[in-house]
Each structure stands twice: as C-alpha cells, then as structure tokens.
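Take a look at the structure below.
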Protein chains: 2
Amino acid sequence: MRTLKYAILGLLNRGPLTGYDITKEFASALGNFWSAKHSQIYPELKKLADEGLVVFHTVTQGEKLEKKLYTITPDGRKDFLQWLNQDEPLEPTPKDIFKLKTYFSDALPLGKRIEQFQSQLIKRREKLYILKNHKEKLYGSINPASLTDRQRSDYLVLQGAILREEAYVTWLRESIALLGS
Amino acid sequence: MRTLKYAILGLLNRGPLTGYDITKEFASALGNFWSAKHSQIYPELKKLADEGLVVFHTVTQGEKLEKKLYTITPDGRKDFLQWLNQDEPLEPTPKDIFKLKTYFSDALPLGKRIEQFQSQLIKRREKLYILKNHKEKLYGSINPASLTDRQRSDYLVLQGAILREEAYVTWLRESIALLGS
DNA sequence: CCGTACATGTAACGTGTTACATGATTTT
DNA sequence: AAAATCATGTAACACGTTACATGTACGG
C-alpha cells in the first residue's frame, strides 16, 4: 500500500526537507498516527528519487557536512493528491496487546487482574494529560473555528488522539469497576 | 516480542485445537484486537512444537483426512502465564491512515474534505452498530456482574471495541461540525 | 454431483525494528 | 574537551499479507 511513501510526499508537499528533518517529524506531532525510523526513511527517499517523485540537491553545512534536501516534483505532487483524494476503506481493527491479555485474563487471580488494569490506567492517564496540556498550550484561548486550514488539520488530529485516549481510560475505569463488583 | 506465540498459547490454554480452529478464532471475536492468517499460524505451531511448548497428535476425520490437534504442555502453560503476569508497557500509538490523510487534508478543497469525513462516518457507524448488536444478543438482559470469569473477559473486550468505535464516531462528527463552520 | 467448508502447508514479497557503522557540528 | 545533536547510510532479523498449491468431507 506504500503508506510511508505518501506520508513522506505529504511532508515534502509542504516544503523541502532532509531525511533527518522527516525523521524528526515522525518523532513529534505526526507520531500520534504514523511513524518510521531513519533506517526506513533513507531507503524510501532513495526509492522515491528513482521513481522521479522527488529530487534532491546537496547543501553543505559548515566546512564539509553534506545534507540532501529533498523537493517534491510535479509527478510526486500528482501522485500524492490522487492518494489523498481516494476514499479510504476502514482499516482492520488495530492490534492491542493489553486487550489480548484481557481476553485471556480469566487465567489470573482476580487481584492480579485488577492490578494490571490499574497499572494501565495510570499510564494512559499520564499520556492523556500530556496530550491535553499540548492542546491547551497550542489552542487554549483560541476559538477553533478561527484557525487557518493548516492549523485546523493539526487541531483535528490532536483532538482525535485525545478522544481515543479518553475512550481507553473510560474502558479501563469501567473494567475495574466491573471486576471489583 | 512473539505476541502471536502467546495468542496461540492462550487459546490452547483453554483446550486442544487444530490450526484451522485457531484460524477461525482469529477471524471472529478475537479479531477485534489480534489476528493472523493461516499462513502465519501453521509455521508458528510448528515452531512451538519444536520448542516443546505444545504437542500434537493426529486424529483422522472420516476416511483419510488427517487433523493435527495441538495441546499445550506444562512448559507452554508456564511460559504463557509468565507472559500474562508481566506488566504491559503502553504500546506506541497505533497507525491510522485516515488520520494521516486528515493531517495533510488542507491540500484538498473544503467540500472534498467534508465528503471524506462523511464517508468514514457512515462506515464507522455501521461497524459500531454491528458491535452493539452483538453485545445486545450476548448480554442484552444479563447483569454483567453476574457473569462467570470467562464470560466477563469476553464482555470486557467487546465493550472495549464499542468504546473505541464510539470515540472515533464522536471525533468524525466533531470534525465535520468544525469544518462546516 | 456440485459447492462449501474443512484442513494443511509453502513461497514471494512488503513492511518495520534493532543493531551496526561512520562522521561533522554545536553546545556546554 | 566532552557531550549532545545533526546527518546519512546498511545489514540482519522479525512480522505480516497475498498468492500458490493440494486434497478431503459434508450437505443439499
């Protein structure tokens, strides 16, 4: 399906970047719904260049450090927009190791089961807290309807991550209540 | 991490199964949070047998059809329970192609963006409806506190799937409202 | 007897992670 | 001067999907 290809093209569609820049993008905001390591990114950039969807030119930083700055080509932009325009089928349900354990957890004593749920709850709440803080910092006092198109995209995916984590926390709380009854 | 290994051991911990039976399990209830194709299951069963965590004996169905019925060994049960007991770290955020598209969607005209959200909303609602129907059919009139341990595990993961889908539907509805404003 | 479900396997390919490998630049 | 960050790459391995390949049993 080449999703990494389109994630990279989507970033380059906003402006030229190096492989290192792209790696950093995947480690930040974008990381909430897609990610890749540099060991996957560099070969993919090479492949995209072979396919004529991107070009690079070398820029020199300081005395001799060479960076490859990648730019999307018209062909690349066309391919990217065609992907973006396609209707997206529902993905298969994402895998979830904790739910797998829950499914088999009748093999554990009740006390241990509850303990595991509580441990997950602490971690999920922490993650949710960080996401909410981030939202507050970026959009705290702003009416979301007044954002630019680009900011609105960023807002939507952050909000999506928050709703997902809230649902997980709700499930953990409900589960603990049920097990404790 | 060998998660498939433990998913299989977890199923065999409940009783002997063939590779075909395991394949069917992944295609049904369990499929809401873990799955694998038969092409992955048969080699994994062979590996588990080599490792001494399961044994199989051949049973004949009808005239000559041979089935391999796999049974978990004491070593296998020990390994499985040790995995089940381990505290589970938070997994990296699951990948989500539609959210990736959302992140880049400022490159599309507004009408198209809303259209895509509405298409997703229809599909997600359909999936949610199926899950809720399933819950109603299995537990409709029953007080969840009166379930056995085993039934409770099944109930919890189904409820987890429902909460996850509800959160996704909420996000899609919110997004459409914001984009339409 | 025909179609569906039962039953088991392998091969090729695509995707993703960890580890290996190297070196320059900037900050403390 | 040392440490952190910038910068780019490859190799080995693990995991997953699609396609190939074969044959039996059962219900209508």
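Proteins come first, then strands; the chains are lettered A, B, ... in the order of their sequence lines, and each starts at number 1.
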Consider only side-chain N and O atoms of [X] and [Y], and report whether a donor and an acceptor are under 3.5 Å apart.
X	Y	answer
A:Gln116	A:Ser119	no
A:Asp21	A:Tyr70	no
A:Asp96	A:Tyr168	yes

Shortest side-chain distance from [X], nucleotide among [options]:
X	options	value
B:Pro43	C:dA7, C:dT10, D:dG16	C:dT10
B:His38	D:dT8, C:dA7, C:dG9	C:dG9
A:Lys64	C:dC6, D:dC6, C:dA24	C:dA24
B:Leu65	D:dT24, D:dT8, D:dG16	D:dT24

task: Assess the pair A:Tyr6 and B:Phe104: is the distance between their ring centroids shorter than 6.0 Å?
output: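 A:Tyr6 vs B:Phe104: aromatic centres not under 6.0 Å.
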Is any side-chain nitrogen or oxygen of [X] closer than 4.0 Å to OP1 or OP2 of [N]?
X	N	result
B:Lys37	D:dG16	no
B:Lys68	C:dG9	yes
A:Gln61	C:dT25	no
B:Lys95	C:dG16	yes

What integer distance in Å separates [X]:[atom1] from [N]:[atom2]?
X	N	atom1	atom2	value
B:Lys24	C:dA5	NZ	P	11 Å
B:Tyr20	D:dC26	OH	C1'	12 Å
A:Lys47	C:dT15	NZ	C1'	10 Å
A:Met1	C:dG14	CE	P	13 Å
A:Leu4	C:dG16	CG	P	7 Å
B:Leu45	C:dT10	CG	P	12 Å
B:Asp21	C:dC6	CG	C1'	10 Å
B:Tyr70	C:dA7	OH	C1'	12 Å

query: Hey, mind stepping through A:Arg113 and B:Ser153 against side chain to side chain donor-acceptor pair (under 3.5 Å) and telling me if it holds?
result: CA-CA 10 Å; A:Arg113 284 174 91 175; B:Ser153 297; 2.9 Å; yes
- prompt: Counting only distance, no hydrogens or angles, is the base of D:dT18 paired donor-acceptor with the side chain of B:Ser39 under 3.5 Å?
  reply: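 Under the 3.5 Å cut-off, the side chain and the base do form a donor-acceptor pair.
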message: Can you work out whether A:Gly62 or A:Arg2 has the more 5'-proximal nearest nucleotide on DNA chain C?
response: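 Per heavy-atom nearest nucleotide, the more 5' residue is A:Arg2.
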